[in-house]
Asker: 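One structure is given below, represented as structure tokens, and several questions about it will come after.
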Amino acid sequence: MLDIRYIREHADAVREGVRLKGEDAGRVAEAIALDEERRRALQKSEALKSRKNAVSADVARMKAKGEDASALIAEMRDVAEEIRTLDAAVAAVEEKLRAALLLIPNVPHASVPPGTTPADNKTVAVWGEEQAVDFPLLPHWDLLEKLRIIDFARGTKITGAGFPVFVGKGAQLERALINFFLDEARGRGYTEMAPPLLVNAASATGTGQLPDKEDQMYVVERDQFYLVPTAEVPVTNFYRDEILTEKQLPVLLCAYTPCFRREAGSYGKEVRGLNRVHQFNKVELVRLTHPVRSYDDLESMRGDAEGLIRKLGLRYRVLLMCAGDLGFTQAKKYDLEVWSPGQAKWLEVSSISNFESYQARRMNIRFRPEAGGKPEIVHTLNGSALALPRIVAALLEQYQTPEGKVVVPAALHRYTGFEIIG
């Protein structure tokens with residue numbers, strides 16, 4: 001969340017940022033009003049506490065001289081009760097203020113283009129050429145049926161729509177991609193983690209899934225746990241309520257997890273095959289970094305993800321997302337999209353995001369400067385490197401042969417143990 005002091009001092013800029021994201025700018029005024037109420041009650045309480053301390057000293061002196069201090073003692077009983085009332089009021093309004101701040105989105109970075117639709121996103125890079133073939137390219141769902149490496153029907157029987165079963169070389173390909181992505185991340189300096197797949201409400205609030213995206217999450221109601229929508233949630237919360245040293249920064253972490261998303265309202269051809277599923281595998285990169293270098297780290301993380309796509313030989317593009325297409329918590333985001341030749345469309349496979357201090361303030365993750373002074377809030381970043389379903393879809397479509405087989409990219413041979421599917 002945003003610092004209330006920043007909101008107070010830059011109210012117009014915050015309102016404009018909220019408006020650009022398509023959110024309710026009235027929440028800014030509500031937070032400022034609650035903060036003013038909190039500060040008034042706090043100032044009055046502190047003044048009474050100062051008065052109480054001074055009178056307590058007077059009472060002690062009067063008693064030492066044998067003088068009657070009963071009137072002052074009675075007055076201080078009333079003051080103590082008023083202080084208790086004010087402190088309770090401060091606590092109550094602070095709770096309301098935190099709730100209000102959780103509903104104010106992060107403000108877009110100055111380099112983020114304005115806009116409200118995907119058409120306003122800016123293409124900043126394209127890599128690879130569209131392949132020329134002399135046979136009709138099949139969409140991946142037709143290839144999957146022919147190769148029998150993913151079973152959608154039985155996944156629907158076991159669980160429901162959007163829960164495919166990977167079979168044989170399909171399962172081996174998934175495992176190969178996961179291991180390839182993790183090995184590459186470790187080679188780039190990331191420490192691998194194997195986090196829990198269930199998180200509590202505090203963790204989901206820390207990274208911003210709550211209260212903004214609760215309807216997109218699977219909930220274990222009996223125990224009030226949430227299935228992870230991305231490894232970002234448990235990995236970023238690893239250091240919640242901790243103070244790091246400046247020398248520890250940047251912290252680079254990576255993790256593979258299945259991801260669970262309800263994707264409420266999804267329908268039509270956009271969700272056909274692997275385009276959108278409710279459970280999928282993903283390797284996530286997370287960085288906790290010094291505020292002065294977080295935008296350098298954003299570009300570095302983008303390079304980490306792009307390098308994977310290039311090694312797989314897939315054509316892709318990089319989009320700088322406009323303000324209206326940013327998530328609630330993001331200050332700046334790149335989307336990486338691979339070309340799906342069988343569908344003739346771009347498929348998102350990664351988002352690389354800088355949250356600045358927004359998440360870390362919720363999670364109270366700080367670092368202690370080497371030069372001394374108070375601990376400061378770190379900046380957090382994350383990115384998919386990579387999400388598997390659409391990578392698999394594009395890989396199958398791009399590497400298909402006229403016979404309906406699929407050639408495995410050379411980068412995966414040592415992981416799969418085979419070079420062709422079919």
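Numbers here simply count residues along the sequence, with the first being 1.
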Asker: Can you sort out the partners of Arg414 under side-chain hydrogen bond (donor to acceptor under 3.5 Å, both in side chains), two or more places apart, ordered by chain and number?
Answerer: none
Asker: Check the pair Gln172 / Thr416 against side chain to side chain donor-acceptor pair (under 3.5 Å), numbers first and verdict last.
Answerer: CA-CA 6 Å; Gln172 291 172 262; Thr416 59; over 6 Å; no
Asker: Would you list the pairs meeting ring pair (Phe, Tyr, Trp, His ring centres under 6.0 Å) in which at least one residue belongs to residues 63-120, sequence neighbours left out?
Answerer: His109-Tyr295
Asker: Can you name the residues that form a salt bridge (charged side-chain N to carboxylate O under 4.0 Å, His left out) with Asp87, not counting sequence neighbours?
Answerer: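 With neighbours one apart ignored, the set is Lys49.
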Asker: How would you list, by chain and number, every residue that makes a side-chain hydrogen bond (donor to acceptor under 3.5 Å, both in side chains) with Asp335, sequence neighbours excluded?
Answerer: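 Result, side-chain hydrogen bond (donor to acceptor under 3.5 Å, both in side chains) vs Asp335: Ser351.
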Asker: How would you list, by chain and number, every residue that makes a side-chain hydrogen bond (donor to acceptor under 3.5 Å, both in side chains) with Gln43, sequence neighbours excluded?
Answerer: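 If we apply the side-chain hydrogen bond (donor to acceptor under 3.5 Å, both in side chains) test to Gln43, skipping adjacent residues, there are no hits.
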Asker: For Lys44, I'd like to know if atom NZ has over 12 heavy atoms of other residues, nucleotides or ligands within 6.0 Å.
Answerer: no
Asker: Please identify each residue that fulfils salt bridge (charged side-chain N to carboxylate O under 4.0 Å, His left out) with Arg302, with sequence neighbours left out.
Answerer: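 Only Glu299, Glu306 meet the salt bridge (charged side-chain N to carboxylate O under 4.0 Å, His left out) criterion with Arg302.
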Asker: Can you list the residues that meet the salt bridge (charged side-chain N to carboxylate O under 4.0 Å, His left out) rule with Arg368, with sequence neighbours excluded?
Answerer: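 Partners of Arg368 under the salt bridge (charged side-chain N to carboxylate O under 4.0 Å, His left out) test: none.
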Asker: Which pairs with one or both residues in residues 302-331 pass ring pair (Phe, Tyr, Trp, His ring centres under 6.0 Å), sequence neighbours excluded?
Answerer: Trp127-Tyr316
Asker: When you compare the side chain of Leu314 with that of Tyr399, does any pair of heavy atoms fall below 4.5 Å?
Answerer: yes
Asker: Tyr6: what forms a ring pair (Phe, Tyr, Trp, His ring centres under 6.0 Å) with it, not counting sequence neighbours?
Answerer: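 Listed in chain order: His10.
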Asker: Just to verify, what does Glu37 make a salt bridge (charged side-chain N to carboxylate O under 4.0 Å, His left out) with, not counting sequence neighbours?
Answerer: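 Not a single residue meets the salt bridge (charged side-chain N to carboxylate O under 4.0 Å, His left out) criterion with Glu37.
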Asker: Taking only residues two or more places apart in sequence, or in another chain, which ones meet Asp304 in a side-chain hydrogen bond (donor to acceptor under 3.5 Å, both in side chains)?
Answerer: Arg188, Tyr190, Arg287
Asker: Quick check: do Ile150 and Leu274 have side-chain heavy atoms less than 4.5 Å from each other?
Answerer: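 They are in contact (side-chain heavy atoms under 4.5 Å apart), so the answer is yes.
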Asker: Show the atom names and distances, to 0.1 Å, of all donor-acceptor pairs under 3.5 Å that link a side chain in residues 370-379 to residues at least two apart or in another chain.
Answerer:
{"from": "His379", "atom 1": "ND1", "to": "Ser294", "atom 2": "OG", "distance (Å)": "2.9"}

